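In this text the structure is predicted, and so the values were computed from the model without any measurement. By convention in this document, chain letters (A, B, ...) are assigned in the order of the sequence lines, proteins followed by strands, and residues within each chain are numbered from 1.
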Amino acid sequence: MQFSKKLINWYSVNKRVLPWRETKNPYYIWLSEIILQQTQVKQGLPYYEAFVAQYPTVFDLANAEEREVLKLWQGLGYYSRARNLHASAKHVVNALKGEFPKTYKELLNLKGVGDYTASAIASICYNEPTAVVDGNVYRVLSRYFAICTPTNGSKGVKEFKLLAQELIDQDNPAEFNQAIMEFGATWCTPKNPKCISCVFQDSCLAFAHNKVEDYPVKIKSAKAKVKYFNFLVFISDDGNTIIERRKGKGIWQNLYQFPLVETKKAVDYTTFRNQIEQHHLLKNIPFKLSLYNSEAIVHKLSHQHLYTKFWIVNVNRLHAEGISVNDIEQFAVPVLIGKFIDAFNFK
DNA sequence: AAGTCGGGGCG
DNA sequence: CGCCCAGACTT
């Protein structure tokens, strides 16, 4: 039996029940695909349910404020997805009268929609035979055909896209695309793949060579950089604190945080106390400084390890506009900040 | 082509 | 601890 038929047969028996598999509404498919970028189903599922409940249509999403969308996205990471999601919803409503693009090529024009997502939506919603290539597809195909080309280089990207495009079931691209991803996610897994009970056991080249876990081949990524973050947690006598909206291009864009002082290396109490005497929020006012966590909290991201200290700054009155500590939960904050807020009793 | 962007989970 | 995840975008 040919690859695509065997795969779709496997899928019909083994697929998980998931809410976005109960619809072909492009708004819901688009929403699920954005949420699931670089995100496992288990992690993304509750966010999908929350977004569908909060924004049942693209019009509801377009009418929301960005800070509200970011708040609902809080904790999921890669926050540009949420900003692009919101911007694209506005574009669909305002420029396209609420009608989603219906072709791979047109879908690519939406912010946050690249080759993978455009292929997924076009195939699932409109039966366009455009092959998806995600992390699962790289793994399944590199093993089945024993392909050593690194999957994360430009050569590999082209090669695997072309191969998937040759394999896709022209009559049922929607099922094929979802099947190959589901197979990678649940059977042909990175560790301990279920080769013993695999329908491709007799034709998988990696299995024949006993090298299944040598695939896919990848170019090593750079090691994470170390940074030292010091957050100033102001507390005034009247129960206010200061949070700021992150600007610029870096991490956590448009999320909120306590005023941040980044240092080149870890600082002790005396060094830091002297350093922030000149801070614009502390100039010429009395304050009491105490360190919340004597041992730095290490927050690990893909490209940065953040060694973090939270400094409690007691003042009589704030030197800038503040918020009541009771209102802090209304703001979208990074997980690092959210964990502190939960652990620290503000009252 | 290489960096950047999060956070959770697994062995 | 390193690697992976229904990738996209910038430099």
Side-chain angles (χ1 to χ4, degrees), chain A residues 11 15-16 18-21 29-48 70 73-85 87-88 107-121 123-124 131-140 150-158 160-161 164 174 176-186 188-193 213-225 227 246 248-255 298-306 332-339:
Chain A
Y11 182 63
K15 69 176 175 182
R16 292 169 289 182
L18 295 168
W20 48 84
R21 290 184 176 158
I29 300 301
W30 168 63
L31 180 59
S32 73
E33 294 300 345
I34 301 298
I35 287 174
L36 292 172
Q37 286 170 6
Q38 292 291 286
T39 303
Q40 299 194 151
V41 166
K42 185 180 177 185
Q43 188 186 4
L45 185 54
Y47 286 85
Y48 175 82
L70 282 172
W73 198 273
Q74 176 178 305
L76 195 55
Y78 284 153
Y79 297 93
S80 65
R81 291 184 293 170
R83 299 191 301 270
N84 287 334
L85 183 81
S88 289
L107 285 159
L108 276 181
N109 293 328
L110 298 178
K111 281 186 183 176
V113 174
D115 181 85
Y116 162 78
T117 305
S119 300
I121 299 171
S123 62
I124 295 171
V132 296
V133 183
D134 72 336
N136 294 305
V137 177
Y138 283 127
R139 191 169 53 255
V140 171
T151 58
N152 55 346
S154 56
K155 186 167 179 283
V157 169
K158 289 179 194 166
F160 281 90
K161 177 77 180 181
F176 177 90
N177 276 341
Q178 294 181 84
I180 194 167
M181 291 190 284
E182 184 78 343
F183 181 69
T186 64
C188 195
T189 48
K191 298 292 178 187
N192 303 320
E213 293 209 17
D214 291 350
Y215 299 94
V217 175
K218 291 191 178 184
I219 302 163
K220 300 266 188 232
S221 56
K223 287 179 83 174
K225 292 168 183 166
K227 292 189 173 184
R246 284 186 69 97
K249 296 236 163 195
I251 59 172
W252 303 329
Q253 186 182 30
N254 294 2
L255 274 67
V298 187
H299 189 69
K300 294 188 175 181
L301 308 175
S302 302
H303 293 81
Q304 299 180 25
H305 290 354
L306 307 177
V333 298
V335 165
L336 174 61
I337 303 292
K339 283 181 177 171

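Counting only heavy atoms from C-beta outward, the side chains of A:Arg21 and A:Gln178 approach each other to under 4.5 Å. Considering only heavy atoms from C-beta on, A:Val217 stays 4.5 Å or farther from A:Thr151 through its side chain. Counting only heavy atoms from C-beta outward, the side chains of A:Leu76 and A:Ile35 approach each other to under 4.5 Å. Side-chain contact between A:Arg81 and A:Leu85 is absent, with no heavy atoms from C-beta onward closer than 4.5 Å. The side-chain heavy atoms of A:Leu36 and A:Tyr47, taken from C-beta on, include no pair separated by under 4.5 Å. Side-chain contact between A:Gln38 and A:Tyr78 is present, with heavy atoms from C-beta onward closer than 4.5 Å.
In this structure, CG of A:Leu76 is placed 17 Å from P of B:dC5, rounded to the nearest angstrom. Across the protein-nucleic acid pair, A:Tyr48 atom OH and C:dA6 atom P stand 17 Å apart, rounded to whole Å. Atom pair A:Lys191:NZ and C:dC5:C1' shows a separation of 14 Å (rounding to whole Å applied). Look at CG on A:Leu336: it is 11 Å from P on B:dG8, rounded to the nearest Å. Spacing between atom CG of A:Leu36 and atom P of C:dC5 amounts to 13 Å, rounded to whole angstrom units. The NZ-P distance, from A:Lys223 to B:dG3, rounds to 14 Å in whole Å. Between the OH atom of A:Tyr47 and the P atom of C:dA6 there is a distance of 17 Å, given to the nearest Å. The nearest whole Å value for the distance from the CG atom in A:Asp115 to the C1' atom in C:dA8 is 11 Å.
Comparing the C1' positions of C:dC4 and B:dG6 gives a spacing of 13 Å, expressed to the nearest Å. Taking the C1' atom of each, C:dA6 and B:dG11 are spaced 23 Å apart, rounded to whole Å. Between the C1' atoms of B:dC5 and C:dC5, the separation comes to 14 Å (whole Å).
For B:dG8, the OP1/OP2 oxygens have no side-chain nitrogen or oxygen of A:Lys300 closer than 4.0 Å. Between A:Gln38 and C:dG7 there is a side-chain polar atom (N or O) within less than 4.0 angstrom of OP1 or OP2. An OP1 or OP2 oxygen of C:dA6 is reached within less than 4.0 angstrom by no side-chain nitrogen or oxygen of A:Tyr138. Taking 4.0 angstrom as the limit, A:His303 places none of its side-chain polar atoms (N or O) nearer than this to OP1 or OP2 of B:dG6.
Within 4.0 Å of A:Ile219, counting heavy atoms only, lies no atom of the nucleic acid at all. Using a 4.0 Å heavy-atom criterion, one finds that A:Trp20 contacts the bases of the nucleic acid, with or without backbone contacts as well. Residue-level contact check: A:Lys225 touches the backbone only, with heavy atoms under 4.0 Å from sugar-phosphate atoms and none from bases. Within 4.0 Å (heavy atoms only), A:Gly250 reaches sugar-phosphate atoms of the nucleic acid but no base atom. Looking at heavy-atom distances under 4.0 Å, A:Gly153 makes no contact with the nucleic acid at all. Note on A:Val132: nothing from the nucleic acid sits closer than 4.0 angstrom, heavy atoms only. As judged by a 4.0 angstrom heavy-atom cut-off over every strand, A:Ser80 is placed among residues making no nucleic acid contact. As judged by a 4.0 angstrom heavy-atom cut-off over every strand, A:Asn177 is placed among residues making no nucleic acid contact. Counting non-hydrogen atoms under 4.0 angstrom, A:Gln304 reaches the backbone sugars and phosphates but no base.
Closest-nucleotide positions on DNA chain B for A:Leu301 and A:Ser221 were compared, and the one nearer the 5' end corresponds to A:Ser221. Heavy-atom nearest nucleotides on DNA chain C were determined for A:Glu182 and for A:Lys111, and the one closer to the 5' end corresponds to A:Glu182. Residue whose closest nucleotide on DNA chain B sits further toward the 5' end, between A:Lys227 and A:Lys42: A:Lys227. Closest-nucleotide positions on DNA chain C for A:Leu110 and A:Gln43 were compared, and the one nearer the 5' end corresponds to A:Gln43.
Relative to the side chain of A:Val335, the nucleotides B:dG7, C:dG7, C:dC4 differ in distance, and B:dG7 lies closest. Comparing C:dA6, C:dG7, B:dG7 by their closest approach to the side chain of A:Thr117 singles out C:dG7. The side chain of A:Gln37 has C:dA8 as its nearest neighbour among B:dG11, C:dA8, C:dC4. Listed candidates were B:dG6, C:dC9, C:dA6. Nearest to the side chain of A:Trp252 is B:dG6.
In this structure, CD in A:Glu33 is found 11.0 Å from CG in A:Leu107, a value given to the nearest 0.5 Å.
Scanning atom types as modelled, one donor and one acceptor separated by under 3.5 angstrom connect the side chain of A:Arg21 and the base of C:dA6. Counting distance only, with no hydrogens placed and no angle test, the side-chain atoms of A:Ser302 and the base atoms of B:dG6 include a donor-acceptor pair under 3.5 Å. Applying the 3.5 Å distance criterion, the base of C:dG7 shares no donor-acceptor pair with the side chain of A:Tyr116.
We find that A:Glu213 and A:Arg139 are not joined by a salt bridge, their nearest charged nitrogen and carboxylate oxygen being 4.0 Å or further apart.
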